[in-house]
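The block underneath contains the structure these notes are about, expressed in structure tokens.
In the text below, chain A, chain B and the rest are named by the order of the sequence lines, each starting its count at 1.
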Number of protein chains: 2
Amino acid sequence: MLETTRERPVMPAVPAVQGRSAGAAAGNGDAAGTGTSRRRAGRPSAALLDKAGITTAALELINRKGYDGLTMAGLAKELDVAPSALYNHVASKRDVLLLVEDHLTSLVDVSDFSAAPWEDAVRSWAWSYRNVFAEHTPLIPVIAVLPVTDAPQTLAMYETVSKGFLDAGFPQERIVSSIVALESFIFGSAYDVTAPEDIFDSGSMAESTPHFTAAVRSASSGRALVRPADVAFELGLEALISGLGALRAAKKQ
Amino acid sequence: MLETTRERPVMPAVPAVQGRSAGAAAGNGDAAGTGTSRRRAGRPSAALLDKAGITTAALELINRKGYDGLTMAGLAKELDVAPSALYNHVASKRDVLLLVEDHLTSLVDVSDFSAAPWEDAVRSWAWSYRNVFAEHTPLIPVIAVLPVTDAPQTLAMYETVSKGFLDAGFPQERIVSSIVALESFIFGSAYDVTAPEDIFDSGSMAESTPHFTAAVRSASSGRALVRPADVAFELGLEALISGLGALRAAKKQ
DNA sequence: CTAATAAATGAATGGCATTCATTTAGTGCT
DNA sequence: AGCACTAAATGAATGCCATTCATTTATTAG
């Protein structure tokens with residue numbers, strides 16, 4: 001129907017930047033916030049926002065200012081838009097965190113599950129998972145309660161990992177519990193990475209806690225090469241791998 | 001100036017309740033908030049606030065309204081005081097959370113470390129620790145970064161646990177790492193307890209994630225008697241206990 | 001006695017997420 | 001073609017929240 005509909009009438013000049021991969025302010029006249037020449041109210045010809053753009057802008061903001069700097073107002077400014085405009089695309093700030101979480105999950109390395117032995121696959125997956133979220137601990141409370149339905153990339157990760165466990169000979173009814181146990185350890189360990197160096201310094205109460213103080217001292221004797229958090233993570237992970245590995249039946253061909 | 005200063009002019013009746021163990025509003029004329037007869041400005045004869053009172057009021061408020069309900073204004077009302085009065089005793093809301101954290105840590109059961117075998121002691125400690133903080137997950141980000149100096153009860157717990165590990169024949173330089181690994185698992189698992197029942201419901205994407213969906217289904221077949229979070233915790237904890245236990249030298253007499 | 005300090009009130013302050021009325025532009029239906 | 005509906009933007013509230021500051025009153029130290 002309709003003849004000349006596809007003519008693309010005028011389009012002032014701007015090539016209608018879409019998807020807005022990264023980098024702020026798409027060249028042209030800016031709007032709410034930066035200072036010059038507000039955009040006038042009303043729906044613009046080409047949409048300024050979408051979930052992908054919001055996600056990358058949020059990540060950019062987090063990298064630059066940390067999670068304290070991630071505010072709806074700041075995000076809006078990053079996107080050169082009024083804060084209320086965001087609410088046409090997300091229902092709440094938690095929604096933004098969800099978008100970020102799902103994106104980050106896609107960065108977790110699950111590749112070894114299709115090639116390497118189960119132990120090696122779990123090892124590389126767990127290290128990768130921990131390292132990604134160690135930089136994003138404020139997301140952990142969100143993830144922990146997040147129904148997987150709302151996070152397609154997260155669901156995809158679970159699928160790959162589940163299949164890896166099944167192929168390795170795990171009894172089906174133990175797979176979810178095993179993954180949950182590993183994940184719990186991973187999330188807890190991610191926090192650990194962010195702890196200050198001197199977190200175990202007992203200070204003035206050192207005399208009243210001799211055993212602990214001695215243990216802390218001897219733990220840090222051969223340090224500085226590896227972070228304490230890495231030592232603890234390796235220790236716990238290897239314990240989990242060998243403990244959980246014992247559940248396997250000898251399958252896999 | 002002014003003669004009759006030491007006469008103790010009136011003192012309406014009240015015996016100057018101090019410490020304020022629990023239960024709100026110490027009987028007499030109330031103040032900021034509740035509605036009737038404000039207390040007049042200026043330092044009162046007997047202090048209305050102290051850290052112990054703030055801690056128990058905070059816990060009361062958390063139990064009643066959850067962590068969202070824990071606001072400085074709400075806490076002040078609970079204590080029948082103006083919000084700004086709190087800042088004479090704590091420097092920030094984070095300080096309040098610290099007080100609560102340290103109190104809760106004193107509830108963790110470490111008794112088995114002086115009696116039972118190492119495995120049993122770790123088991124009961126870990127379950128108790130997880131159960132206490134499962135109800136208080138918003139504290140976990142605080143704990144994880146908390147220098148132990150600021151938390152005497154927490155330090156006391158570490159001392160007991162360290163001694164238990166040492167007595168069980170653990171090499172001193174592995175003790176802290178082992179405890180940290182266990183704690184990481186415990187904190188992560190505490191979150192897990194709060195997750196909704198249907199967290200793993202893959203919903204509309206079930207067809208694209210067959211292995212995971214099947215694993216979830218078979219995990220929940222014999223359920224309802226035990227919570228899934230408990231199964232995962234037990235599995236991981238036993239794996240950690242046997243994995244870490246292998247580090248011990250045969251000592252202990 | 002007097003200066004310093006401690007502990008309260010009450011009135012800001014500034015930041016925050018979120019909502020709502022309004023404006024403008026595209027879409028679908030007849 | 002026209003018209004109702006919906007989508008996507010602005011801009012101006014709203015209400016909550018932690019925190020600060022000036023002020024008042026009482027206790028304590030010198």
Side-chain angles (χ1 to χ4, degrees), chain A residues 1-6 8-12 16 18 29-34 37-51 53-54 58 65 67-77 79-97, chain B residues 1-11 16 18 20 26 28-34 37-51 53-54 58 61 65 67-77 79-97:
Chain A
M1 307 103 180
L2 304 225
E3 333 72 286
T4 55
T5 320
R6 276 292 124 68
R8 294 192 140 272
V10 176
M11 236 0 163
Q18 79 205 71
D30 76 344
T34 325
S37 75
R38 300 219 173 298
R39 188 171 20 241
R40 83 178 185 285
R43 177 181 183 172
S45 306
L48 299 165
L49 297 178
D50 59 13
K51 293 199 189 200
I54 291 172
K65 304 204 193 176
Y67 276 86
D68 284 348
L70 179 64
T71 66
M72 295 302 272
L75 187 53
K77 183 176 259 182
L79 288 160
D80 211 6
V81 140
S84 52
L86 294 167
Y87 290 87
N88 288 320
H89 302 266
V90 295
S92 64
K93 183 175 180 180
R94 183 168 185 278
D95 259 25
V96 175
L97 294 177
Chain B
M1 307 106 180
L2 305 223
E3 332 74 285
T4 56
T5 321
R6 272 294 119 70
E7 302 297 75
R8 291 192 137 275
V10 177
M11 222 9 153
Q18 77 205 70
R20 61 159 294 108
N28 71 338
D30 76 347
T34 326
S37 77
R38 300 221 172 297
R39 187 165 29 238
R40 83 178 186 286
R43 178 181 183 168
S45 306
L48 299 166
L49 297 179
D50 60 13
K51 293 197 189 200
I54 290 172
L61 195 53
K65 304 205 192 174
Y67 276 86
D68 284 348
L70 179 64
T71 65
M72 295 303 272
L75 186 53
K77 183 176 260 181
L79 288 160
D80 209 8
V81 141
S84 52
L86 294 168
Y87 289 88
N88 289 320
H89 301 266
V90 296
S92 64
K93 182 174 180 179
R94 185 169 185 277
D95 259 25
V96 175
L97 294 178

Within the structure, does a side-chain N or O atom of [X] lie under 4.0 Å from either OP1 or OP2 of [N]?
X       : N      : result
A:Ser92 : C:dA17 : no
A:Arg39 : D:dT10 : yes
A:Arg40 : C:dA25 : yes
A:Thr71 : C:dG15 : no
A:His89 : D:dA7  : no

Which atoms form the tightest heavy-atom contact between [X] and [Y], and what is the distance?
X       : Y       : answer
B:Ala82 : B:Ala76 : C-CB, 3.8 Å
B:Pro83 : B:Ala73 : CG-CA, 4.2 Å
A:Val81 : A:Ala85 : CG1-CB, 3.3 Å

Spacing of [X] atom [atom1] and [Y] atom [atom2] [to the nearest 0.5 Å]:
X       : Y       : atom1 : atom2 : answer
B:Leu48 : B:Asp80 : CG    : CG    : 8.0 Å
A:Lys93 : A:Leu70 : NZ    : CG    : 5.0 Å
A:Met72 : A:Ile54 : CE    : CD1   : 7.5 Å
A:Leu49 : A:Asn88 : CG    : CG    : 8.0 Å

Roughly how many Å is it from [atom1] in [X] to [atom2] in [N], rounded to a whole number?
X       : N      : atom1 : atom2 : answer
A:Tyr87 : D:dG11 : OH    : P     : 17 Å
B:Lys93 : C:dG15 : NZ    : P     : 19 Å
B:Leu86 : C:dT9  : CG    : P     : 9 Å
A:Asp68 : C:dG14 : CG    : P     : 20 Å
A:Lys77 : D:dG11 : NZ    : C1'   : 16 Å
B:Asp95 : D:dT20 : CG    : P     : 12 Å
A:Leu48 : C:dT24 : CG    : P     : 16 Å
A:Asn88 : C:dT24 : CG    : P     : 16 Å

message = Can you confirm whether A:Leu86 sits close enough to A:Val96 that some side-chain heavy atom of one is under 4.5 Å from a side-chain heavy atom of the other?
response = no
query = So do the side chains of A:Asp95 and A:His89 get within less than 4.5 Å of each other, counting heavy atoms only?
reply = no
inquiry  = Pick the closest DNA chain D nucleotide for A:Ala85 and for B:Gly74 by heavy atoms, then say which residue is nearer the 5' end.
reply    = A:Ala85
Would you list the protein and nucleotides 22-24 of chain D atom pairs, both N or O, that sit under 3.5 Å from each other?
unit_1: D:dT24; atom_1: O2; unit_2: B:Gly42; atom_2: N; d: 3.3

Helix axis bend for the helix from C:dC1-D:dG30 to C:dT30-D:dA1 - C1'-based end axes, five pairs, 10° rounding =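 Angle reported: 10°, given to the nearest ten degrees.
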